[in-house]
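Take a look at the following structure, please.
Here is how names work: the chains are called A, B, and so on, in the same order as the sequence lines, proteins then strands, and each is numbered from 1. Only a predicted model underlies this, so the values are computations on that prediction, with no experimental measurement involved.
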2 protein chains.
Amino acid sequence: MPTRLDVFIDRMVSQRACLDFAIAETAQMTGPVYELGLGNGRTYHHMREKIEGRHIYVFERKVESHPDSTPPEELTVLGDVMETLPAILVRFGPVASLIHADLGGHNLQKNDAFARKVSPLIEPMLAPGGIMVSSDRMYFETLEELPLPPGAVPGRCFLYRR
Amino acid sequence: MPTRLDVFIDRMVSQRACLDFAIAETAQMTGPVYELGLGNGRTYHHMREKIEGRHIYVFERKVESHPDSTPPEELTVLGDVMETLPAILVRFGPVASLIHADLGGHNLQKNDAFARKVSPLIEPMLAPGGIMVSSDRMYFETLEELPLPPGAVPGRCFLYRR
Ligand SMILES: C[S@@+](CC[C@H](N)C(=O)[O-])C[C@H]1O[C@@H](n2cnc3c(N)ncnc32)[C@H](O)[C@@H]1O
Ligand code: NI
Ligand code: NI
């Protein structure tokens, strides 16, 4: 049986592998990147260092990240994603080149219920060719699920493309 | 430049590699195991699943771990390790087969200052042959530093043996 440490390592390693893949695949796109859930800011820090020439908007209820991984105010979308996602869609349209979501806690059932609720709000935000990286299985109607890149562990990360 | 995500993954992977090595090396010993710093409880959970026939005592100021990674009360040593380590040494003597310390935060200078302070309190607690695994470089006078096992990243974990 994997321990909590094993599962956690697999999740972080898979997140990085999927992010690096998605960043490379969308490198020619110019639309913004959306980070849903800032938390400690580690994946935000990773994206900021690896993504050039695109804005990274961070959607978070309450900013509590490490100081060196805190987004500038003008790229922070404060509030519940159930409200801020539709609001940003109205303002920007379907322009996102990359969306990363890591919104879950340790209650797997709650995470799945939330993924079902938030999927239809995320789905229309991607530009054609845009990629979504998620720590939870999402419930999209029109996006294609992509095979995981080498190094990612099945079930620990999910990839979708418009 | 490694990102914060890279550094974090390296630390967790190194912790696991060093713990697995130390657990195997001390498997024939019967003295207790000490976990210094419970945190979320991921490394405690890992040790609990992998260690048989030895008690694991957890030293922590304030227990705030995940419910399934919370030690029983009789194996929890509540308080500042600067006080609880000497108290347990008086009660148990130099009997520990394995000590794991992950007491630091993200301030590297503070972590190093604390490692200097706590090293002389940890050093006398190990039984002969006992191993210490640390996320910070320690300052021991009589323990031997061991080479890292495969998979561990230099600088992210340290191993010492009496
Ligand atoms: C980085 S966390 C440990 C994480 C843990 N290894 C895990 O995998 O979840 C560090 C913990 O050490 C505890 N700690 C730090 N200094 C301490 C001290 N002087 N005495 C007791 N506990 C301390 C903190 O309360 C914190 O919970
Ligand atoms: Ni849980
Ligand atoms: Ni810092």
Next item on the list: Find the distance between CG (A:Asp20) and CG (B:Asp6) and round it off to the nearest 0.5 Å.
Entry: 7.5 Å
Notebook entry, point to check: Side-chain heavy atoms under 4.5 angstrom apart, residues restricted to Ile, Leu, Val, Met, Phe, Trp, Tyr: same cluster for B:Ile23 and B:Val133?
Noted result: yes
Next item on the list: State plainly whether one hydrophobic cluster holds both B:Met138 and B:Leu146, where clusters connect Ile, Leu, Val, Met, Phe, Trp and Tyr through side-chain heavy atoms under 4.5 angstrom apart.
Entry: no
Next item on the list: State, yes or no, whether a side-chain contact exists between A:Leu5 and B:His45 at a heavy-atom distance under 4.5 Å.
Entry: no
Notebook entry, point to check: Considering only heavy atoms from C-beta outward, does the side chain of A:Asn40 approach that of B:Arg4 to under 4.5 Å?
Noted result: yes
Next item on the list: Identify whether A:Leu75 and A:Leu36 are in the same connected component of the hydrophobic contact network (ILVMFWY, side-chain heavy atoms under 4.5 Å).
Entry: yes
Item checked: Spacing of CD belonging to A:Glu49 relative to CE belonging to B:Met1, to within rounding of 0.5 Å -> 7.0 Å
Next item on the list: Report whether B:Leu89 and B:Ile122 are members of the same hydrophobic cluster (ILVMFWY, side-chain heavy atoms less than 4.5 Å apart, transitive linking).
Entry: yes
Item checked: Over 12 non-hydrogen atoms of neighbours within 6.0 angstrom of CD in B:Glu74 -> yes
Note to self: Could you walk me through whether B:His106 and A:His66 satisfy the side-chain contact (heavy atoms from CB on, under 4.5 Å) test, starting with their C-alpha distance in whole Å, then the side-chain angles of each, then the deciding distance to 0.1 Å, before giving a yes or no?
What the structure shows: CA-CA 9 Å; B:His106 62 259; A:His66 194 276; 3.1 Å; yes
Margin query: Please identify which of these residues, B:Arg16, B:Arg42, B:Arg48, B:His46, meets the side-chain hydrogen bond (donor to acceptor under 3.5 Å, both in side chains) condition with A:Thr3.
Written below: B:His46
